[in-house]
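In what follows, a single structure is set out as structure tokens and then discussed.
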Amino acid sequence: PVRKSNDRVHLPVTRADALIAEQLPAEQFHIDIQVLRDAGLFPSETHEEEVSQLLRRIKRPVINLAFGEDQPDTENRNMIMVASALPKSGKTWCSFNLAISIARERDIGAVLVDADVLKPNISRALGLQDRVGLIDHLLDSSISVDEIIVPTDFHNIVVIPAGQPHEEATELLASRRMEALVATLSSRFSSRAVIVDTPPLLLTNEAHVLAEHMGQIIMVIEAGVSTQESVLQAIESLNRTKPINAILNKARGGLYGEYGSSIYGGYYSAPLKGQDYEEQK
């Protein structure tokens with residue numbers, strides 16, 4: 001609706017307008033898709049369209065939770081943590097490709113945060129491993145948010161690299177400075193979904209700390225490999241007042257037909273609440 005204030009008419013700002021109004025560094029970092037394919041972070045040309053169709057189905061509930069007008073106006077709801085119980089579930093692949101799929105929306109952009117500070121595969125694959133990033137900002141108050149933001153030429157995705165490794169990464173991620181950074185990203189990029197790739201929940205403390213700051217959480221479950229016990233244990237470790245949903249990853253057959261073992265199929269489940277996992281499975 002149009003609202004009046006001091007006899008001036010203010011039109012509501014659309015998300016597209018907000019994207020245009022964002023103040024970002026002018027220089028865009030070039031993303032080489034072939035390098036990403038070689039690194040196993042992006043589907044081959046043969047399967048790209050099939051994977052795109054899967055991601056279109058997966059992203060819709062994510063977008064609705066983050067931006068839907070019928071959703072509760074919860075804190076940081078556009079901050080989306082992508083996690084897994086254990087390594088090698090395809091969590092980073094899902095993070096990257098979900099961000100790309102969301103960035104293809106007309107009115108919504110994407111920010112991709114490499115918070116897997118112990119194994120920053122996104123930063124390495126993009127060639128950003130030597131750039132100042134998340135940990136540097138948390139460690140040094142003189143490093144501003146603007147210095148860790150990397151605009152790219154690929155669907156205008158914004159990337160925040162992991163930064164340098166640090167032995168006190170857990171404490172840094174649990175700090176008030178991290179809380180302030182999350183609030184800044186959520187507000188500054190209010191027209192973007194902020195996808196946060198994190199370490200596995202059952203092997204690290206960092207992921208649990210990050211989860212407390214997020215508006216929604218996506219669990220990546222590897223089909224035929226992730227055990228019910230590990231998934232339930234990971235879910236029980238989270239704050240279940242937050243929306244927790246799942247992607248069944250590396251699925252073959254079933255709804256999606258036969259794809260090669262390197263192709264990731266999946267579904268987006270109803271909220272997972274511990275004992276409900278058996279029904280979702």
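Any value given below was found using the heavy atoms of this structure, including those in side chains, with hydrogens, waters and symmetry copies removed.
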Is the shortest heavy-atom distance from the side chain of Lys59 to the side chain of Leu98 under 4.5 Å?
-> yes

Would you check if there is a donor-acceptor pair between the side chains of Thr227 and Ser230 at a distance under 3.5 Å?
-> yes

Can you list the other members of the hydrophobic cluster that holds Val225, where links are side-chain heavy atoms under 4.5 angstrom apart?
-> none

Pairs satisfying side-chain hydrogen bond (donor to acceptor under 3.5 Å, both in side chains), at least one member in residues 30-39, at least two apart = His30-Asp153, Gln34-Asp38, Arg37-Glu48

Indicate yes or no for a side-chain donor-acceptor contact from Arg192 to the backbone of Ala103 under 3.5 Å, with no hydrogens or angles considered.
-> no

If you measure from CZ on Arg104 to OG on Ser52, what distance do you get to the nearest 0.5 Å?
-> 4.5 Å

Does some side-chain heavy atom of Ile195 sit less than 4.5 Å from a side-chain heavy atom of Ser95?
-> yes

Would the number of heavy atoms belonging to other residues, nucleotides or ligands and lying under 6.0 Å from CD of Gln71 be above 12?
-> yes

Side chain of Asn78, backbone of Phe189: donor and acceptor closer than 3.5 Å?
-> yes

So does Lys91 pair up with Asp116, basic N to acidic O under 4.0 Å?
-> yes

Charged N to carboxylate O under 4.0 angstrom, Arg56 versus Glu49?
-> yes

Can Asn205 and Thr170 be counted as having a side-chain donor-acceptor contact under 3.5 angstrom?
-> no

Side chain to side chain, Val220 and Ser226, heavy atoms closer than 4.5 Å | no

Is any NZ, NE, NH1 or NH2 atom of the basic residue among Lys242 and Glu212 found under 4.0 Å from an Asp or Glu carboxylate oxygen of the other?
-> no

Residues two or more places apart in sequence or in another chain: which of them pass side chain to side chain donor-acceptor pair (under 3.5 Å) with Thr152?
-> none

Leu185 and Ile143: same hydrophobic cluster, using ILVMFWY side-chain contacts below 4.5 Å?
-> yes

Applying side chain to side chain contact (heavy atoms under 4.5 Å, CB included) between Phe42 and each of Val51, Val35, Leu36, report the one that passes.
-> Leu36

Tell me whether Val82 is reachable from Leu202 by hopping between hydrophobic residues (I, L, V, M, F, W, Y) whose side-chain heavy atoms are closer than 4.5 Å.
-> no

Under 4.5 Å between any side-chain heavy atoms of Ile221 and Ile247, yes or no?
-> no

Side chain Ser123, main chain Leu128, donor-acceptor under 3.5 Å | no

Those residues that, when tested against Asp146, pass side chain to side chain donor-acceptor pair (under 3.5 Å) (two or more places apart) | Arg188

Taking atom types as modelled, is there a side-chain donor on Thr92 or Asn121 under 3.5 Å from an acceptor on the other?
-> no

Do Glu222 and Asn249 meet the criterion of a side-chain donor-acceptor pair at a distance under 3.5 Å?
-> no

Given side chains that start at C-beta, do those of Val158 and Val194 come closer than 4.5 Å, heavy atoms only?
-> no

Taking side chain to side chain donor-acceptor pair (under 3.5 Å) as the test, write out the residues that go with Asn156, two or more places apart.
-> Gln28

If only atom types and distance count, is the side chain of Gln216 paired as donor or acceptor with the main-chain N or O of Ile244 below 3.5 Å?
-> no

Please list, chain by chain and in numerical order, all residues satisfying side chain to side chain donor-acceptor pair (under 3.5 Å) with His208, sequence neighbours excluded.
-> Ser237

With the side chain counted from C-beta on, respond yes when Thr198 and Glu206 share a heavy-atom pair under 4.5 Å apart, and no when they do not.
-> no

